[in-house]
Amino acid sequence: MRGFPILLAIFIGIPLVEVYLFIEVGEKIGALPTVLLCITTAVIGSVMVRAQGLSTMAKFQQEVAAGQMPATTMMEGFALMLGGFLLITPGFFTDALGFLCLIPYTRRAIISRLINNMVISSSGFPTRPGNPKSQDPNVIEGEFRDSDDDTWKH
């Protein structure tokens with residue numbers, strides 16, 4: 001229930017901003033050019049999402065083939081998907097947010113900031129990425145080795 005006011009503000013605030021921007025832009029350039037501008041941004045955005053999505057998918061496959069964890073690439077793919085969704089949503093504000101998701105520099109900066117502020121839950125106890133120790137004094141940190149594993153036998 002904590003996120004409800006935020007969701008309510010998003011679902012009411014964004015359409016109000018879009019209506020305001022439609023009115024302002026429509027007064028400056030006219031109704032038909034405003035509609036054509038919305039369609040043009042959707043088309044340009046879809047072409048950009050497709051091209052960047054294909055390169056992100058190739059990068060993802062390379063990282064998996066190399067045995068690396070493609071977490072950042074997966075987040076970039078999600079950001080591209082979100083950007084594409086925002087670009088096909090009619091409006092200038094959502095188009096601006098969508099294009100921010102498509103610009104590699106801003107997309108990576110946003111992802112980096114999200115990762116740095118992310119709280120990771122381990123055994124139900126929240127910890128930060130730079131601090132893997134649990135905050136619970138009743139948790140004993142340790143390592144486990146399988147005694148049947150030949151790599152540990154001398």
Side-chain angles (χ1 to χ4, degrees), residues 1-136 139 141 143-144:
M1 201 68 187
R2 291 189 309 203
F4 182 73
I6 294 171
L7 284 176
L8 186 64
I10 289 171
F11 283 112
I12 291 174
I14 290 178
L16 288 175
V17 169
E18 294 293 8
V19 168
Y20 173 77
L21 290 173
F22 274 130
I23 292 169
E24 289 297 314
V25 172
E27 283 180 357
K28 302 284 188 234
I29 66 173
L32 185 60
T34 301
V35 171
L36 292 175
L37 185 59
C38 278
I39 293 170
T40 303
T41 58
V43 170
I44 291 170
S46 66
V47 170
M48 290 177 67
V49 167
R50 186 176 193 283
Q52 291 187 27
L54 290 173
S55 70
T56 302
M57 179 60 83
K59 183 179 175 184
F60 173 82
Q61 290 173 341
Q62 288 173 348
E63 288 176 357
V64 169
Q68 299 171 343
M69 181 65 159
T72 304
T73 305
M74 288 172 48
M75 290 183 77
E76 283 196 33
F78 177 76
L80 287 170
M81 185 177 68
L82 178 64
F85 174 76
L86 289 169
L87 284 164
I88 62 170
T89 304
F92 297 115
F93 180 69
T94 53
D95 286 349
L97 294 176
F99 279 118
L100 284 176
C101 290
L102 296 186
I103 299 169
Y105 177 77
T106 57
R107 179 177 63 236
R108 290 182 186 125
I110 292 167
I111 290 170
S112 175
R113 184 170 178 130
L114 285 174
I115 289 173
N116 290 337
N117 292 325
M118 192 178 297
V119 174
I120 299 170
S121 179
S122 167
S123 303
F125 303 105
T127 61
R128 295 233 173 241
N131 182 13
K133 300 279 186 205
S134 174
Q135 301 298 322
D136 186 3
V139 173
E141 299 290 332
E143 291 183 18
F144 170 79

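These values consider heavy atoms only, across backbone and side chains, with no hydrogens, waters or symmetry-generated copies.
Here ring pair (Phe, Tyr, Trp, His ring centres under 6.0 Å) pairs that include residues 34-61, with residues two or more places apart or in two chains, number zero. The ring pair (Phe, Tyr, Trp, His ring centres under 6.0 Å) contacts involving residues 7-56 comprise F22-F92, where partners must be two or more places apart or lie in separate chains.
Shortest non-hydrogen contact noted between A79 and C101 is O-CB, 3.4 Å. Nearest heavy atom pair, residue C38 against residue G91, reads SG-N, 4.1 Å.
The distance from the CE atom of M74 to the CE atom of M69 is 6.5 Å, given to the nearest 0.5 Å. Note that the CG atom of L80 and the CE atom of M75 stand 12.5 Å from one another [nearest 0.5 Å]. The CZ atom of R113 sits 14.0 Å away from atom CD1 of I111, with the distance rounded to the nearest 0.5 Å. Taking CD1 of I88 as the start and CD1 of I39 as the end, the distance is 13.5 Å to the nearest 0.5 Å. With rounding to the nearest 0.5 angstrom, the CD1 atom of I110 is 9.0 Å from the CD1 atom of I103. Once rounded to the nearest 0.5 Å, the distance linking CD of E27 with OG1 of T34 reads 10.0 Å.
Here R50 pairs with nothing under the salt bridge (charged side-chain N to carboxylate O under 4.0 Å, His left out) rule; sequence neighbours left out. Under the side chain to side chain contact (heavy atoms under 4.5 Å, CB included) criterion, S46 pairs with no residue, sequence neighbours left out. Residues passing the side chain to side chain contact (heavy atoms under 4.5 Å, CB included) test with S112 are N116, sequence neighbours excluded. For A42, the side chain to side chain contact (heavy atoms under 4.5 Å, CB included) criterion is met by no residue, not counting sequence neighbours.
Counted within 6.0 Å of CD1 on I6, heavy atoms from surrounding residues, nucleotides or ligands total 12 or fewer; the atom is thus considered open.
With a 4.5 Å cut-off on side-chain heavy atoms, L87 and L102 count as touching.
Between the side chains of E63 and T73, at least one donor N or O sits under 3.5 Å from an acceptor N or O.
If you run side chain to side chain contact (heavy atoms under 4.5 Å, CB included) between I14 and each of L16, I12, V17, I10, only I10 comes through.
Listed for the E18 side chain is a donor-acceptor partner under 3.5 Å among the backbone atoms of F93.
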